[in-house]
Each structure stands twice: as C-alpha cells, then as structure tokens.
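These notes are about the structure you will find just below.
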2 protein chains.
Amino acid sequence: MSKECTKIKELFSAQDAHIGHEVTVRGWIRNHRKQKNMGFIELYDGSCFQSLQLVYTTESDKDGRLKTLHNGACIEAAGTVQQGFQKELIELNLSHVTLLGDCPEDYPLQPKRHSLEFLREQAYLRPRTRLFQAVFRIRSVAAQSIHAYFADRGFLYVNTPLITANDAEGAGNTFTVTTLDITGIKEQAKKASEEIFKQDFFGIPASLAVTGQLEAETFAMAFGDVYTFGPTFRAENSNTKTHMAEFWMVEPEMAFCDLDRLMDVEEDFLKTILGQIMKQCKEELTFLEGFTKLPLRERMQAVIDSNIVRIRHEDAIRILKESGESFEFEPEYGEDTAKEHEKYLTEKYFHAPVFIYDWPKDIKAFYMYQNDDGKTVGAVDLLVPGAGELMGGSQREVRYDRLLARMQELGISTDSLDWYLNLRKYGSCDHSGFGMGFERLLMYVTGMENIRDVIPFHRTPGSCEY
Amino acid sequence: MSKECTKIKELFSAQDAHIGHEVTVRGWIRNHRKQKNMGFIELYDGSCFQSLQLVYTTESDKDGRLKTLHNGACIEAAGTVQQGFQKELIELNLSHVTLLGDCPEDYPLQPKRHSLEFLREQAYLRPRTRLFQAVFRIRSVAAQSIHAYFADRGFLYVNTPLITANDAEGAGNTFTVTTLDITGIKEQAKKASEEIFKQDFFGIPASLAVTGQLEAETFAMAFGDVYTFGPTFRAENSNTKTHMAEFWMVEPEMAFCDLDRLMDVEEDFLKTILGQIMKQCKEELTFLEGFTKLPLRERMQAVIDSNIVRIRHEDAIRILKESGESFEFEPEYGEDTAKEHEKYLTEKYFHAPVFIYDWPKDIKAFYMYQNDDGKTVGAVDLLVPGAGELMGGSQREVRYDRLLARMQELGISTDSLDWYLNLRKYGSCDHSGFGMGFERLLMYVTGMENIRDVIPFHRTPGSCEY
C-alpha cells in the first residue's frame with residue numbers, strides 16, 4: 001500500500017489531464033471479458049457510479065496471470081490512461097496488477113442479473129451491484145443534502161431519544177426494550193407488572209420511539225427552527241412492500257409557524273432535496289431509469305416545476321365524489337383517503353402534487369390543532385404523483401385546555417406527558433412540523449418498489465439478519 | 001401571524017442596515033428589568049446565541065401592559081432598531097408588543113443560576129437557558145459539520161441497523177428488543193428459550209446495536225469510504241459522568257487504508273471539525289469559557305496546530321515507567337492505560353495529542369489486525385489533552401484463517417457472523433476505521449463535565465424521562 005492511488009471518480013472528472021499518464025487505481029472486478037488476443041476488466045472502486053475499463057493484450061500477459069483474475073477480486077492496477085473505444089470514456093492500458101484479495105468461483109454475485117429477492121438475502125454483498133451502488137449513493141446524497149438544507153437555514157439538529165417511556169401516537173405497536181431475562185416468560189404466572197419493571201434497567205416500561213416529534217417540540221420552543229433525522233420503530237406485524245420495523249424519519253419543527261407556512265417549508269424542502277439528488281446523481285438516475293423503466297428525472301422535475309395544489313380535505317372528497325370514477329372504496333367525508341383516491345387527485349385531476357389539509361379530527365393524532373368547526377384539525381398530507389403520501393404534518397394544538405381535553409377523550413396519559421402539556425403553559429406559540437419517512441422519499445426517487453431495497457439492512461417480522 | 005418577522009440573527013449580522021428601521025421580532029423573554037422610568041426586556045429567539053434588548057419607557061407603556069410581561073413569555077415585538085448603550089450592540093425601541101403565550105410566575109426557570117442537577121430534571125426546559133443554548137447549538141453545528149466533512153470527501157453515509165441479532169463487541173451488555181409480553185416473567189418457570197423466541201417479532205433474540213462497524217465494513221467493501229453516524233446502546237449498569245445507555249457514535253470505515261492512513265484521517269477529521277466549531281460558535285464558546293473557567297478555544301487551537309504524536313503502546317508504557325511519577329496504577333506492558341497515564345503523556349510529557357498504537361491483543365476486540373509479533377494488534381487510540389481518549393480505531397483483520405481462529409479462541413459465534421467472515425473471502429483488502437463517541441467530543445469542546453449535559457435527553461440506569 002505504498003503507492004499513491006487515484007480514485008476512479010478523479011480520473012473521470014478530469015479525463016484529459018490524465019490521458020498519457022501512468023496512474024494506479026484500486027478496486028473490485030465487476031466483470032472480466034476475455035477475447036482471443038485481449039482482455040477487458042471492468043473495475044469499480046465505489047467512488048463513483050462508473051467503472052473504469054482496464055485493457056490488456058494476451059501478449060503482455062505472458063505468464064497468464066491477468067487472465068485468471070476472478071470477478072469480485074480486489075486488485076491494485078497500474079497502467080497508462082488512454083482514450084477508450086467509446087469516445088466519452090477513458091480506459092487504462094494495464095502495465096501491472098497486484099492481487100489484493102482474491103474471490104472464489106462460487107462467489108454469490110455473478111455477472112448476470114440476479115433477482116431482487118436473491119440480493120435481499122445477500123444484503124451484505126448487494127451494495128457491490130450496480131443497482132445498489134445507485135440506490136445507496138442516492139440514499140447518502142439525499143441524507144447529506146437534508147442535513148445541508150437545514151444547516152444552511154439555521155435549523156438546529158436535535159437528537160431525540162430512541163429509547164422512550166412515551167407512546168406518542170397513542171397507538172401501541174412499540175418494541176419493548178429490556179434487560180430482564182425474558183426467556184423465563186410464562187403467561188400463566190404473571191406477577192404484578194409494576195414489580196417486574198422495578199427490576200428492569202430503567203425501572204419503568206421502556207420501548208423504542210415511534211417518533212421524535214414531542215421531544216423536538218421542546219427544542220422548537222427554545223431554538224425556533226429544529227429538526228430530527230434518525231431511526232424510528234414500529235412493531236407492526238405487517239409484511240408489505242412499504243412497511244418496516246425500523247426506518248428513518250426526518251421531522252422538522254418550527255416555532256411561529258402556522259399551517260400555511262408549514263406547507264411553504266415542505267414545498268421548498270422537497271423541491272430543494274430533489275434538485276440536489278438530480279444534480280449529484282446523474283449516472284445513478286440514468287441507470288435506475290433503465291432498470292425501473294420509470295421516467296424518474298422527468299417526474300422529479302415536474303414536482304420541482306409545479307405549484308403544489310393546496311386543498312381542504314372536504315373539497316378533495318367532493319372532487320372525488322363528483323369525479324364519476326368507480327373507486328373500489330367510496331370516498332367519504334370524515335374518512336381517510338385511499339391510494340386510488342390519491343392517485344386520481346394527483347395524476348388525473350390536478351396533474352401535480354397536492355397538499356390536503358384540514359383533516360377530520362377523528363382519524364388524526366391528539367396533538368393537532370383543533371379547528372373552529374369542531375370537526376377538523378390543522379393537519380396536512382402531501383401527495384405526490386407516483387409516490388402517494390410523502391409527508392404528513394400539522395399545526396400543533398397549543399391551547400392547554402383543548403389539548404388536555406383531547407388527550408383525556410382519547411385516554412392518553414396526561415401524567416407521563418405532563419411536560420408536553422406544560423410546553424403550552426410556559427411561553428407557548430403557534431408551531432408546526434412535519435414528518436417524512438426517508439425511505440418513502442427514496443422509493444419515489446429511485447423507483448424501487450420494495451422498501452427493503454432502499455435501506456442497507458431491513459428489519460421486518462421474522463427478519464433480523466446482519 | 002400576518003406580519004413579516006425578522007430573526008434576531010439577521011439583525012445582528014447586519015446591524016447598520018437595520019438602524020432606524022421598524023422591524024418585528026418574535027421570541028421569548030429571558031429577563032425583564034424594570035426601572036423607575038424605563039423597562040428592559042431581554043428577548044431571544046434561538047436563531048443565535050445573543051439576545052436582543054427591547055427598551056420601553058414607562059411613559060410609552062400607558063396602560064402598564066409591558067410592565068407585566070413575565071419571564072418565559074412568548075411575544076411578538078415591533079419597534080425601531082437603534083444603537084444600544086453598548087456600542088457593539090443594537091437594541092429595539094418598542095412600539096408594540098403582542099403576547100403570544102404567557103408564562104406563569106411559578107415558571108421553573110428563573111433569571112438566576114440554577115444547578116445542573118436541577119436543570120437535568122427539567123430537561124425539556126433547559127434548552128431555553130443560555131448554557132444549553134450554547135451546548136446544543138454546538139452539538140448541532142458539530143453534527144452538521146461531520147456530515148459536511150464526509151460529504152465533501154465523497155464518503156458514503158450508511159445507516160446501519162439499530163435492532164440487531166449480533167453482539168459485535170462480544171461483550172453482552174445489550175438491551176433486549178421484544179414484542180413479547182414480558183410482564184409474565186417468572187424465573188422458575190423457564191421454557192426452552194428457543195420456543196420463546198419463536199413467538200417473538202423477529203423469531204430470534206434481538207437487541208440494540210452497540211456498534212455499526214461490522215455492517216459498515218460490508219459497505220466499505222463496496223463504496224470504499226463510508227461512515228455511520230447514529231445512536232448506539234450499552235446496557236451497562238454504571239452511573240458515572242461518562243456513561244449513558246444511549247449515545248451517538250461516528251464510525252468511518254475506509255477500504256485501502258492501513259493504520260498509518262487511518263491516523264492521517266483521524267487527525268484531519270478532528271482538526272477540521274474543531275475548526276468548524278470554533279468558526280461557527282464564537283459566542284457560544286465565549287460563554288462556555290466563562291461558565292467552565294476552561295480555555296476551551298485555546299486548547300482546541302493547540303490541537304489544530306499540533307503534530308499529533310504517534311507512539312507504540314510498548315513505548316508509551318516505557319515512558320510511563322521511566323517517568324519517575326508515582327501513579328496510583330502502575331503502568332504495565334500488556335495492559336490498558338489508566339486516565340492518569342493518559343494525562344501524563346498528553347499534558348506533561350508530549351504537551352500534545354497522542355496516538356497510541358499496536359495495543360496488546362488481549363485487551364482489544366476480535367476483529368483487529370494481528371501483528372506479526374503475535375502479541376499486539378493494529379489498534380490505535382487517540383488521546384487529547386483535557387479530553388482523554390477521543391477516538392478508538394484499528395486496521396481490521398482481513399486474513400480469513402486468522403480472524404476465524406481468533407473468534408473461536410474468544411468463543412464468538414462464527415455462525416451468526418459468517419457474513420462478516422465471508423467479507424474476507426470475497427475480494428477483501430486492507431481496511432481500517434475508527435469510532436468516536438460524539439458526546440465525548442462535545443464534553444471536550446464545551447467543557448461540560450457530565451455526559452448527561454451534552455445530550456438532549458439522557459438515558460441512564462433508572463432514568464428514561466421524556
């Protein structure tokens with residue numbers, strides 16, 4: 001490891017400057033084609049999506065060593081940069097190769113298209129494929145762009161706790177976190193649960209957080225604009241293409257912000273992040289468009305260029321009812337919208353992303369602003385063509401009495417959330433925030449259909465590999 | 001909320017441009033001093049460390065409303081910007097105030113110095129204090145700078161799973177994650193544990209991750225340079241000033257990287273992040289220097305200006321043995337160093353940060369590179385004056401047989417880590433990485449002595465509030 005090495009990204013970003021020069025690169029063999037008189041090695045090093053072609057002649061490979069190099073092997077390669085056969089790409093005329101790490105013939109990744117199911121089982125190897133090089137680079141660029149977006153705008157990044165004694169959504173479905181020996185569980189021999197938890201690490205029942213919002217609100221009341229970006233958990237026993245037990249969420253929270261400004265922020269945020277991904281991940285998106293047969297960039301650009309529609313839930317339902325479409329589920333005032341409704345609104349009626357706001361209070365969370373009509377709350381969902389619901393947010397209820405009444409009505413513990421209620425007593429102000437499931441965004445951007453394929457290692461019922 | 005509001009940060013960053021102009025600000029009252037003819041309100045909005053002084057005369061406060069404004073209240077204030085009494089600061093000559101959210105007299109935060117213990121109990125309010133405005137702004141700037149550092153250098157950000165079936169450090173001390181009803185635990189009624197876990201969410205015992213390193217290595221073998229930055233967990237029952245059950249870790253992992261280059265990266269990383277914090281958090285650091293009586297910036301600058309010493313563990317022990325110091329713990333070859341030893345080396349002997357490398361293998365983890373001497377491994381700890389150990393890293397063992405032997409020797413499951421072993425079969429190469437406890441860095445930068453005071457909501461034995 002003595003020689004100075006060049007990253008493949010550097011070579012491609014300044015091709016002309018390297019032509020005619022000797023360079024050393026290191027990476028992995030994606031493919032090795034052997035012809036009668038020549039050999040072609042496709043080398044990638046993960047620094048960029050493109051591979052570098054290494055070329056040698058059978059004549060120069062006197063001892064036949066180059067010819068035996070396997071797919072998947074890790075090598076250091078020296079040679080002279082030259083114009084490639086394809087005008088737009090340079091290649092390396094090999095002079096010397098060192099084998100750093102060999103790879104056996106029975107390597108699971110072969111130079112052919114593997115099924116996504118197979119690659120999911122090989123989750124520790126799939127980042128080496130072109131497909132997942134594209135997906136995970138986009139994931140990283142998106143995450144870094146999200147941090148940069150908020151940093152540029154003075155938002156405070158707050159790390160809310162993962163282990164928690166709250167159940168913010170009032171929904172159950174949480175994982176228990178314990179240091180007790182749970183192998184001794186026997187249903188019929190229940191002690192008083194209080195006794196049990198006294199012996200546990202935290203002295204009270206603890207679980208994994210389903211949101212960081214409530215804690216983030218405490219910081220918004222001190223720093224104005226804040227956001228969380230971290231993992232959240234749901235112990236939902238559902239094996240669908242869109243659910244996981246562990247996923248990442250972005251949750252901004254802003255003081256002095258009502259529902260209108262919330263929509264402004266959501267719109268600007270989404271457009272900026274999509275723009276960054278399009279700018280930084282051209283090769284990756286080109287590849288994914290070929291793989292998914294979806295117009296990924298076209299539809300992102302359409303979002304960026306759109307004026308996002310803003311419409312009340314009631315009006316959305318009316319449009320749906322008057323549409324003349326035959327839906328599987330009849331749209332109803334006071335009820336949630338179905339995927340088919342969202343599709344109709346965004347793709348057939350408005351041909352644009354849509355904010356639906358002022359939702360029926362009975363299908364939304366306890367902390368949302370109670371509108372004067374007594375029926376709706378200041379909640380807003382963002383629907384995007386080809387993606388469905390991408391973000392969900394609300395103005396928060398800051399009137400102590402109203403919030404308390406709603407919590408009591410829904411049977412939510414006001415004892416353990418007294419601090420949350422107190423926020424409404426101690427210098428409160430209008431504030432709002434939204435949550436975006438990071439993997440939902442990535443599915444939309446990459447066109448991948450299964451949420452398991454946009455996270456490095458998925459956690460679903462029965463699945464906790466790696 | 002109709003009026004356009006100005007952030008206090010904007011006012012201070014372009015003071016001259018605002019003088020003589022009418023502006024509207026929103027924020028919280030930190031302090032309200034009432035004199036005979038005048039009143040002074042210290043207003044902060046979280047956008048920057050500084051407060052804005054609002055001034056009014058008793059004459060202008062005809063109905064006496066301004067006089068009754070409480071500490072902690074949230075207000076919207078309009079007025080004319082004018083040169084303050086202190087030459088370097090502007091203030092606002094109040095013309096109109098709207099009370100957005102009142103705050104009662106028994107507000108827990110009073111305009112006096114509260115003990116850190118008290119503030120820890122009021123963790124949801126403490127971000128409003130000057131002290132924690134400084135600490136948590138620095139935390140956010142540090143985190144965002146870390147992401148920017150890696151983004152600028154092409155590192156892939158990888159989100160490794162939090163729920164895991166591995167125990168990377170081979171150490172125990174993990175939290176169990178379960179959806180079983182654990183209130184029915186009865187020690188004497190043990191079923192076969194396998195039976196129990198079959199009914200659990202993942203079908204196998206699952207716990208919270210103590211590191212993302214092993215999974216990050218799989219990504220380094222695909223993307224070259226990667227890093228994780230997220231929460232990790234230890235179920236250690238220790239109530240010290242430096243331990244928590246939930247904390248954040250940065251873990252970079254680099255392909256084609258040996259121990260020397262690892263130290264290069266650690267050095268550059270630390271100096272860059274410290275530089276960013278010094279650049280972006282001047283007011284916060286000034287305040288913290290007053291609070292802690294520590295030369296925070298001076299010692300950070302000294303690190304930035306230093307050439308970090310690199311010394312083998314054996315040589316460090318020899319220096320300690322020959323020092324003539326009377327240590328509480330006698331330094332020994334083959335053993336760990338104590339805090340007093342680290343202090344002597346960095347503060348008395350070298351007067352600089354020190355990398356200690358080539359550690360005795362028996363006190364280090366199974367995955368570290370086994371040196372030819374048969375006694376040491378390619379591990380490196382970074383010690384910093386005033387901070388102690390800030391980072392710990394190693395070159396990884398990539399020789400399949402050696403790694404396997406070491407795992408067997410230590411009784412680490414090679415079944416559940418077969419994928420980790422396989423990384424050594426499939427095109428492996430030298431690679432190295434380090435871990436930095438994010439809160440350790442923050443304690444050093446802020447001078448806070450208790451780790452509970454550099455994280456928004458701490459998780460320690462018996463403590464799971466908020």
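Below, chains carry the letters A, B, ... as their sequence lines are ordered, and counting in each starts from 1.
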Can you tell which of [options] has the highest number of heavy-atom pairs within less than 4.5 Å of chain B?
| options | result |
| --- | --- |
| A:Gly224, A:Ala151, A:Ala123 | A:Ala151 |
| A:Thr218, A:Asn71, A:Asp418 | A:Thr218 |
| A:Lys9, A:Met221, A:His458 | A:Met221 |

Which atoms form the tightest heavy-atom contact between [X] and [Y], and what is the distance?
| X | Y | answer |
| --- | --- | --- |
| A:Gly427 | B:Cys103 | N-CB, 3.8 Å |
| B:Thr160 | A:Glu246 | O-OE2, 4.2 Å |
| A:Pro456 | B:Val158 | CG-CG2, 3.9 Å |

Notebook entry, point to check: Taking side chain as C-beta onward, heavy atoms only, is B:Cys74 less than 4.5 Å from A:Tyr426?
Noted result: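 Contact flag for B:Cys74/A:Tyr426 side chains = no.
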
Below 4.5 Å, heavy-atom pairs only: which of [options] has the largest tally toward chain A?
| options | value |
| --- | --- |
| B:Arg261, B:Arg139, B:His70 | B:Arg139 |
| B:Asn422, B:Thr129, B:Ile455 | B:Asn422 |
| B:Ser145, B:Ala143, B:Pro108 | B:Pro108 |

Please look at [X] and chain A and tell me whether the side chain, the backbone, both or neither of the residue comes under 4.5 angstrom of a heavy atom of that chain.
| X | answer |
| --- | --- |
| B:Ala220 | backbone |
| B:Leu125 | side chain |
| B:Arg137 | both |
| B:Tyr420 | neither |

Item checked: Backbone of A:Ala222 reached by a side-chain donor or acceptor of B:Gln133 within 3.5 Å ->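 Between the backbone of A:Ala222 and the side chain of B:Gln133 there is a qualifying donor-acceptor contact (under 3.5 Å).
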
Let me confirm one number: the [atom1]-[atom2] distance from [X] to [Y], rounded to the nearest 0.5 Å.
| X | Y | atom1 | atom2 | result |
| --- | --- | --- | --- | --- |
| B:Lys425 | A:Tyr107 | NZ | OH | 12.0 Å |
| A:Ser140 | B:Asn159 | OG | CG | 8.5 Å |
| B:Phe256 | A:Glu76 | CZ | CD | 8.5 Å |
| B:Thr460 | A:Phe201 | OG1 | CZ | 7.5 Å |
| B:Leu208 | A:Leu162 | CG | CG | 8.0 Å |
| B:Arg153 | A:Ser47 | CZ | OG | 15.5 Å |

Check: With under 30° as parallel and over 60° as perpendicular, where do the rings of A:Phe202 and B:Phe175 fit, or are they tilted in between?
Finding: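 If you compare the ring of A:Phe202 with that of B:Phe175, the planes turn out parallel.
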
Under 3.5 Å, side-chain donor or acceptor atoms of residues 226-233 of chain B against the rest of the protein: list the pairs with distances, not counting sequence neighbours.
from     : atom 1 : to       : atom 2 : distance (Å)
B:Tyr227 : OH     : A:Gln144 : NE2    : 3.1
B:Tyr227 : OH     : B:His147 : ND1    : 2.9
B:Thr232 : OG1    : B:Phe247 : O      : 3.4

Note to self: Quick one, B:Phe132 with A:Phe219, criterion side-chain contact (heavy atoms from CB on, under 4.5 Å). Give me CA distance, side-chain angles, the key distance, then yes/no.
What the structure shows: CA-CA 11 Å; B:Phe132 287 97; A:Phe219 270 67; over 6 Å; no

Margin query: Taking salt bridge (Lys or Arg N to Asp or Glu O under 4.0 Å) as the cut-off, I'd like each qualifying pair that reaches into residues 219-231 of chain B, sequence neighbours left out, listed once.
Written below: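 The answer is A:Lys7-B:Asp225.
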
Checklist line | Near-ring test B:Tyr157/A:Phe136, centroid separation under 6.0 angstrom | finding: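 Ring centres of B:Tyr157 and A:Phe136 not closer than 6.0 Å.
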
Next item on the list: Give a yes or no on whether the ring-centroid distance for B:Phe223 and A:Trp28 is below 6.0 angstrom.
Entry: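 Aromatic pair excluded; centres sit 6.0 Å or further apart.
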
Notebook entry, point to check: A:Ala73 versus chain B, heavy atoms under 4.5 Å apart: side chain, backbone, both or neither?
Noted result: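 Just the backbone, heavy atoms under 4.5 Å.
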
